[in-house]
S.K.: 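A single structure is presented below for examination.
Keep in mind that this is a model prediction, so the values were computed, not measured. In this chain, numbering begins with 1 at the start of the sequence shown. FYI, side chains are in, hydrogens and waters are out, and symmetry mates aren't considered; it's all heavy atoms of this structure.
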Amino acid sequence: MMNIRRTLHAVNETGLDPELGKSRLDQVFFALSDPVRREILERLDGQALLVSELAESFDISLQAVSRHIQVLVRTGLVQQERTGRISRCSLDAGPLLDAAVWMNRYSKYWQQQFDLLAATLADIDERKAQRKPPVQPRKQTKKRALRKK
């Protein structure tokens, strides 16, 4: 937990206005809110791709994919390198750190819920172990069934 706080301070030590930091965080969450943009980021993980290569996997126009990429570029999640008409994109996960730090602040609430669930499940298991199994009626063999008739 200490490392996260140090990272948080390192991220905020840029001397930027806190409102600007919130605005950047808003941009990151906005960029991540669209499934096409998330898929673009996944495809760029570990490799640089041309815009045309990125567009191949979508059922939308090249222009629409380009607009999604521009949102990611403005957010800082994608770096674009142009050579003439060719544009190569690569992932820059830096802005995701701010989002991860922000979300991590709320992990304690999830952990409390998981702890409560674990305790409840342990209690259920303990109750089951304390209960004696119900006595099963004996199955009648064919001989017994014939004798009773």
Side-chain angles (χ1 to χ4, degrees), residues 1-140:
M1 191 76 173
M2 190 67 160
N3 291 338
I4 292 170
R5 287 194 178 128
R6 285 184 187 151
T7 304
L8 180 62
H9 292 298
V11 169
N12 288 336
E13 285 176 356
T14 59
L16 297 175
D17 179 11
E19 289 302 313
L20 183 58
K22 288 179 184 177
S23 174
R24 287 186 177 168
L25 190 60
D26 291 345
Q27 288 176 348
V28 170
F29 283 122
F30 173 75
L32 295 174
S33 70
D34 189 280
V36 171
R37 291 191 286 266
R38 289 192 306 269
E39 177 68 25
I40 289 170
L41 293 176
E42 287 177 23
R43 299 231 22 244
L44 290 174
D45 188 17
Q47 62 183 340
L49 296 172
L50 301 174
V51 172
S52 58
E53 292 172 324
L54 286 167
E56 289 173 354
S57 63
F58 298 103
D59 290 332
I60 57 177
S61 69
L62 179 61
Q63 185 179 11
V65 171
S66 275
R67 279 190 245 133
H68 283 293
I69 290 170
Q70 289 311 307
V71 169
L72 294 168
V73 167
R74 282 191 301 273
T75 305
L77 290 167
V78 169
Q79 300 298 316
Q80 234 178 353
E81 181 183 310
R82 293 183 186 264
T83 308
R85 293 178 58 171
I86 297 174
S87 180
R88 184 172 299 279
C89 299
S90 58
L91 175 67
D92 180 357
L96 292 175
L97 177 63
D98 295 333
V101 168
W102 185 86
M103 287 188 292
N104 193 47
R105 293 182 356 207
Y106 299 97
S107 66
K108 62 185 173 188
Y109 300 108
W110 287 106
Q111 190 59 49
Q112 289 171 354
Q113 293 300 311
F114 290 135
D115 292 345
L116 180 61
L117 177 62
T120 302
L121 292 174
D123 187 45
I124 290 170
D125 287 342
E126 187 178 318
R127 287 181 189 176
K128 281 183 181 178
Q130 289 176 352
R131 268 192 255 152
K132 293 181 180 177
V135 178
Q136 298 284 336
R138 292 177 61 189
K139 291 184 180 178
Q140 289 185 349

S.K.: Got a second to check how far Leu50's CG is from Gln80's CD, nearest 0.5 Å?
M.R.: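 Output value for this atom pair is 10.5 Å.
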S.K.: Give the minimum heavy-atom separation between Ala99 and Leu25, together with the two atoms involved.
M.R.: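 Closest pair (atom of Ala99, atom of Leu25, distance): CA-CD1, 3.6 Å.
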S.K.: How far does CG of Leu44 sit from CD of Glu53, to the nearest 0.5 angstrom?
M.R.: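 Taking CG in Leu44 and CD in Glu53, the distance rounds to 10.0 Å.
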S.K.: Determine, stepwise, if the pair Ile60 / Val36 fulfils side chain to side chain contact (heavy atoms under 4.5 Å, CB included).
M.R.: CA-CA 10 Å; Ile60 57 177; Val36 171; 4.1 Å; yes
S.K.: Counting only heavy atoms not in Tyr106 (residues, nucleotides, ligands), do more than 12 fall under 6.0 Å from its OH?
M.R.: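 Check passes, neighbour count above 12.
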S.K.: Could you pull out all residues at least two apart from Asp125 that satisfy salt bridge (Lys or Arg N to Asp or Glu O under 4.0 Å)?
M.R.: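 Checked Asp125 against salt bridge (Lys or Arg N to Asp or Glu O under 4.0 Å); zero matches.
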S.K.: Kindly indicate whether the side chain of Arg127, heavy atoms from C-beta on, has any atom under 4.5 Å from the side chain of Asp123.
M.R.: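 Yes, side chains in contact.
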S.K.: Rounded to the nearest 0.5 Å, what separation is found between the CZ atom of Phe30 and the CZ atom of Arg37?
M.R.: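 Rounded to the nearest 0.5 Å, the CZ-CZ separation comes to 4.5 Å.
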S.K.: Determine whether more than 12 heavy atoms belonging to other residues, nucleotides or ligands lie under 6.0 Å from atom CD of Gln47.
M.R.: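 Check passes, neighbour count above 12.
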S.K.: Keeping Thr83 on the side-chain end and Ile86 on the backbone end, is there a donor-acceptor pair under 3.5 Å?
M.R.: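 Flag not set: sc Thr83 to bb Ile86 has no pair under 3.5 Å.
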S.K.: Where do Thr75 and Leu32 land on the side chain to side chain contact (heavy atoms under 4.5 Å, CB included) test, with the steps shown first?
M.R.: CA-CA 10 Å; Thr75 305; Leu32 295 174; over 6 Å; no
S.K.: Any idea which heavy atoms bring Phe58 and Val65 closest together, and the distance?
M.R.: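 In terms of heavy atoms, the two residues are closest at CD1-CG2, 4.0 Å.
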S.K.: Is any side-chain heavy atom of Val78 closer than 4.5 Å to one of Val71?
M.R.: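 They are not in side-chain contact.
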S.K.: Sequence neighbours left out, what passes side chain to side chain contact (heavy atoms under 4.5 Å, CB included) with Gln111? Give chain and number order.
M.R.: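 Checked Gln111 against side chain to side chain contact (heavy atoms under 4.5 Å, CB included); matches are Phe114, Asp115.
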S.K.: Nearest 0.5 Å please: distance from the CG atom of Leu72 over to the CZ atom of Arg67.
M.R.: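 CZ of Arg67 is found 14.0 Å from CG of Leu72.
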S.K.: Ignoring hydrogens, what is the shortest heavy-atom contact between Leu49 and Arg43? Give both atom names and the distance.
M.R.: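 Leu49 and Arg43 have their closest heavy atoms at CD1-O, 3.7 Å.
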S.K.: About how many Å separate CZ of Arg88 and CG of Leu54, when rounded to the nearest 0.5 Å?
M.R.: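 Between atom CG of Leu54 and atom CZ of Arg88 there are 10.5 Å.
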S.K.: Taking atom CG of Leu77 and atom CD of Gln27, what is their separation to the nearest 0.5 Å?
M.R.: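 Nearest 0.5 Å value for the CG-CD distance: 9.5 Å.
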S.K.: Looking only at heavy atoms, which two atoms of Ser90 and Ala48 are closest? And how far apart?
M.R.: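 Closest pair (atom of Ser90, atom of Ala48, distance): CB-CB, 4.1 Å.
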